[in-house]
Amino acid sequence: MDLRQANVIELEIGGMTCATCAGRVEKKLNRVDGVTATVNFATETAHVTYPETVSVDDLIKVVAATGYTAALPQAVPADEAARPEPDPLGQRLLISGLLTLPVVLLSMIPALQFTNWQWLAFTLASPVAVWGAWPFHRAAALNARHGAATMDTLISLGVLVSYGWSAWALFFGGAGMPGMTMSLAWLAARGDDPGMHLYLEVTTTLTTFLLAGRWFEHRAKRRAGSALRALLDLGAKDAVVLRNGVEQRVPVDRLAVGDLFVVRPGEKIATDGVIVEGASAVDTALLTGESMPVEVGVGDAVVGATVNAGGRLVVRATRIGADTQLAQMAKLVTEAQSGKAPVQRLADRISSVFVPVVIALSVGTFAFWTAYDGGVTSAAVTAAVAVLIVACPCALGLATPTALLVGTGRGAQLGILIKGPEVLESTRRVDTIVLDKTGTVTTGVMALVGTHPAAGIEEQDLLRYAAAVEHASEHPIARAVVHGAAARGIAPAAVRDFQSLPGLGAQGLVDGRKVLVGRASMLAEQGVALDPAGAADGERTAVAVALDGEFAGWLVVADTVKPGSVAAVAEFKRLGLRPVLLTGDAAGPARAVAAEVGIDEVIAGVLPAGKVDAVRKLQEQGHTVAMVGDGVNDAAALAAADLGLAMGTGTDAAIEAADLTLVRGDLTVAADAIRLSRATLRTIKGNLFWAFAYNVAALPLAAAGLVTPVLAAAAMALSSIFVVTNSLRLFRFR
């Protein structure tokens with residue numbers, strides 16, 4: 001295919017219930033000549049590259065022929081976007097739960113079984129079996145059309161068999177007679193008469209429990225696109241445009257390339273552009289994640305959504321809309337999420353083999369007993385139904401959601417939020433952990449870390465004069481000096497004739513003396529002879545101070561390491577993980593921080609795209625990579641990593657793009673998160689093993705007629721209790 005003639009489109013895919021569905025749609029699209037498609041189950045989208053010979057309608061028809069829906073993304077008006085989305089699955093769960101409770105109580109408590117209670121239970125259970133379980137029935141039918149069997153097939157079979165048998169028992173088997181009761185004594189007396197037992201509690205609880213699991217999963221999946229929305233929300237909403245010398249505030253989407261717009265101190269830069277007037281410091285943490293602002297002036301390029309921290313700027317727009325760096329970052333996040341291989345749920349893998357075997361065994365059992373008894377008998381029906389009830393997927397269905405529920409609950413107590421079960425698959429294989437520097441390993445806040453007074457100057461005086469001038473400035477370095485002085489008990493003196501020198505420093509009169517604070521180059525230009533002792537070594541920032549034209553000393557400012565970072569890195573190594581520091585900061589400061597916390601490998605000076613490339617390079621080398629970050633510039637790398645961990649103190653974009661959130665923003669919790677994830681995954685696998693083992697052990701007994709439907713239902717309940725109890729062990733995680 002000629003790539004120059006290729007078109008690229010995003011389609012919204014509807015009707016998918018599991019990763020198998022995504023794989024089926026992807027396979028069908030890729031069979032079309034010249035089409036390359038990637039289907040993301042989490043975001044319910046298909047990224048399709050197609051030639052001129054194929055139309056969008058053709059692609060939509062291919063998806064429709066597969067049994068799903070496809071449509072072009074629709075723009076949502078701003079007023080509608082603010083409205084809460086309807087939650088049909090949540091409504092289905094709520095109504096099913098309200099109907100299930102009385103059915104279970106009536107079926108399990110003999111004291112509540114009034115005359116003809118069974119008919120009320122049947123009436124309440126019917127909408128649950130038909131309407132409540134409809135998502136499972138629909139998915140099962142869709143899978144059957146394509147010769148596939150998944151977890152939905154098991155659920156649908158379990159609901160229909162238990163409900164169908166109960167209906168037969170009520171209308172034809174004698175269970176509908178007035179005065180009918182169900183108790184342990186009744187079970188002992190009539191356990192051999194399958195026509196006198198109902199399985200309505202099985203029907204309703206199975207549906208409700210699994211709807212709850214599907215609802216929790218759906219909530220997590222709906223958040224998959226939140227990282228993109230969080231990124232786009234970072235942009236400025238309007239801009240002050242200069243037209244014929246007059247300032248006019250307009251929505252940012254009305255900006256055009258070449259427009260001049262004004263950015264005042266504290267405002268976001270509306271779009272990418274070049275400065276044509278003014279000088280300032282710009283907070284570029286959006287791009288680099290670093291706390292140190294960048295000094296800019298006429299001719300320098302600036303990026304939309306970064307913050308003007310200093311003087312007034314006039315900027316000429318050079319890129320707008322989808323061409324801006326913010327839009328490109330959003331695209332990076334989307335591509336990184338789409339590039340993750342769809343994770344097939346473990347239960348579906350088991351179901352794809354297990355369900356056909358169960359159905360074949362049930363049919364074979366019915367045929368055997370029919371031939372053995374010389375016709376259709378109660379024994380044939382009982383054995384065939386017992387096989388299906390034994391295979392009812394309560395335990396299999398509960399294996400993942402219960403462990404996840406307990407694991408996430410325990411995680412929340414420890415300050416760890418896990419988004420969904422698919423997150424856990426890669427945790428046991430993680431061998432490399434990539435750490436962002438600023439805000440993750442370090443505090444992300446500039447602080448005064450040293451003072452070097454000149455000969456004859458007291459440290460207190462140096463700080464008192466410098467803090468007096470810097471107190472009137474909003475520059476991050478100025479704030480660090482002021483806070484550092486305050487921490488040492490030094491109150492700033494009053495300042496007169498204050499003057500900010502954007503990009504250079506500030507000056508003013510303090511106690512009648514002229515105080516100059518700022519860059520060494522600025523002081524040198526004003527004739528101040530500087531003493532190089534105490535100046536910056538490339539790893540920290542040194543601010544020069546002069547009194548009445550004479551050098552007074554250096555103030556050293558730097559980002560500081562978080563208290564728990566050293567212990568966290570040591571713990572990563574104990575877990576067998578290789579720590580790598582990945583930062584947009586310069587190599588000098590990055591290596592200084594790495595040496596302080598015990599990291600040997602450093603990748604410095606990279607922008608968001610470079611962080612993604614670094615993660616993917618490690619993956620191409622065969623490593624399974626966890627990434628810990630907190631900034632907007634980390635979002636795409638968090639999404640690209642096999643396991644993304646966001647600091648809860650970081651930006652919404654990073655949190656939404658990550659798989660795990662460390663609520664306290666403490667790096668030591670990252671090690672706990674990996675251990676908890678591994679423990680939760682082990683529990684899920686243990687649950688699946690024992691649930692499957694129960695089926696394997698019980699199915700032959702049911703086929704041999706040694707297990708009645710009543711005992712099958714009891715065994716199924718016990719297996720479910722075991723799964724829940726095993727999951728509860730996660731609460732003991734330390």
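Because the structure is predicted, anything quoted here is derived from the model rather than measured.
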4.5 Å side-chain heavy-atom contact, Arg464 and Asp511: yes
So, Trp554 side chain and Ala454 main chain: donor-acceptor pair closer than 3.5 Å or not? no
Answer yes when Arg264 and Glu247 have at least one side-chain N-carboxylate O distance shorter than 4.0 Å, and no when they do not. yes
Excluding sequence neighbours, so at least two apart, what forms salt bridge (charged side-chain N to carboxylate O under 4.0 Å, His left out) with Arg574? Glu571
Short N-O contact, Lys611 and Asp634, less than 4.0 angstrom: yes
Worked verdict on Val240 versus Phe261 for side chain to side chain contact (heavy atoms under 4.5 Å, CB included): CA-CA 5 Å; Val240 177; Phe261 60 92; 5.7 Å; no
Taking all heavy atoms of Ala468 and all of Ala493, pick out the closest pair and write down the distance. CB-O, 3.2 Å
Measuring from atom CG of Asp259 to atom CD1 of Ile320, what distance do you get when rounded to the nearest 0.5 angstrom? 8.5 Å
Report the C-alpha separation of Val545 and Leu516 in whole Å, then their side-chain angles, then the decisive distance to 0.1 Å, and conclude whether the side chain to side chain contact (heavy atoms under 4.5 Å, CB included) test is met. CA-CA 6 Å; Val545 183; Leu516 196 60; over 6 Å; no
From CA spacing to verdict: side chain to side chain contact (heavy atoms under 4.5 Å, CB included), His452, Val556: CA-CA 8 Å; His452 300 280; Val556 183; 3.6 Å; yes
Are any side-chain N or O atoms of Asp272 and backbone N or O atoms of Val303, one a donor and one an acceptor, separated by less than 3.5 Å? no
Under the criterion side chain to side chain contact (heavy atoms under 4.5 Å, CB included), which of Leu577, Leu581, Val597 is the partner of Val569? Val597
Keeping the roles fixed (side chain from Asn308, backbone from Val263), state whether a donor-acceptor pair exists under 3.5 Å. yes
Taking atom CZ of Arg578 and atom CD of Glu601, what is their separation to the nearest 0.5 Å? 4.0 Å
In plain terms, say whether Asp548 and Lys514 are close enough for a salt bridge, that is, a side-chain N and a carboxylate O under 4.0 Å apart. no
Over all heavy atoms of both residues, which pair between Arg243 and Val250 is shortest? Give the atoms and the distance, please. NH1-CG1, 4.3 Å
Would you give the length of the straight line joining atom OH of Tyr465 to atom CD of Gln460, rounded to the nearest 0.5 angstrom? 12.0 Å
Check: Gly598 main-chain N/O paired with Lys573 side-chain donor or acceptor under 3.5 Å: yes
Could you give the distance from CG (Asp630) to CG (Leu667), rounded to the nearest 0.5 Å? 10.5 Å
Closest non-hydrogen atom pair between Val612 and Ala637, with its separation: CG2-N, 3.7 Å
Close side-chain approach of Val469 to Val510, heavy-atom, < 4.5 Å: yes
Backbone of Ile457 reached by a side-chain donor or acceptor of Asp461 within 3.5 Å: no
Is the shortest side-chain heavy-atom distance between Ile433 and Val580 below 4.5 Å? no
So, does Asp642 use its side chain to make a donor-acceptor pair with the main chain of Val625 at under 3.5 Å? yes
Could you tell me if the side chain of Leu523 sits less than 4.5 Å from the side chain of Leu530, heavy atoms only? yes
Within 45° of the six-membered ring axis of Phe733 and under 6.0 Å from that ring's centre, is NZ or CZ of Arg675 located there? no
Within this structure, what is the OG1-CG distance for the pair Thr440 and Leu435, rounded to the nearest 0.5 Å? 7.5 Å
Quick one: does Val561's side chain get under 4.5 Å of Val593's, heavy atoms only? yes
Within 6.0 Å of CD in Gln526, more than 12 heavy atoms from elsewhere: yes
Less than 4.0 angstrom from a charged side-chain N to a carboxylate O is my criterion; do Asp238 and Arg254 meet it? no
Do Ile477 and Val543 come close enough that some side-chain heavy atom pair is under 4.5 Å? yes
Quick one, Val449 with Val557, criterion side chain to side chain contact (heavy atoms under 4.5 Å, CB included). Give me CA distance, side-chain angles, the key distance, then yes/no. CA-CA 6 Å; Val449 295; Val557 175; 6.0 Å; no
Heavy-atom distance under 4.5 Å between the side chains of Leu582 and Asp436, does that happen here? no
Residue pair Ala626 / Leu645: nearest heavy atoms and the distance that separates them: CB-CD1, 4.0 Å
Is it true that a side-chain atom of Ser565 and a backbone atom of Val441 form a donor plus acceptor pair closer than 3.5 Å? yes
Out of curiosity, Gln621 CD to Arg616 CZ, how far, rounded to the nearest 0.5 Å? 15.0 Å
Is Leu555 close to Leu462 at the side-chain level, that is, under 4.5 Å between some pair of heavy atoms? yes
State which residue, out of Val282, Val314, Val296, fulfils the side chain to side chain contact (heavy atoms under 4.5 Å, CB included) condition with Ile275. Val296
Are Arg312 and Glu277 within salt-bridge range, i.e. N to O under 4.0 Å? yes
Only counting residues at least two apart or in another chain, list the ones meeting side chain to side chain donor-acceptor pair (under 3.5 Å) with Asp613. none
Under 3.5 Å: donor-acceptor pair, side chain of Thr583, backbone of Lys437: no
Return yes if some donor-acceptor pair links the side-chain N/O of Gln619 with the main-chain N/O of Ala640 below 3.5 Å, else return no. yes
Any donor and acceptor pair, going by atom type alone, linking the side chain of Arg488 with main-chain N or O of Gly484 inside 3.5 Å? yes
For Val252 and Ala270, the nearest pair of non-hydrogen atoms, with its separation, is CG2-O, 3.6 Å
Please give me the minimum heavy-atom distance between Ala614 and Ile603, naming the atom from each residue. CB-CD1, 4.2 Å
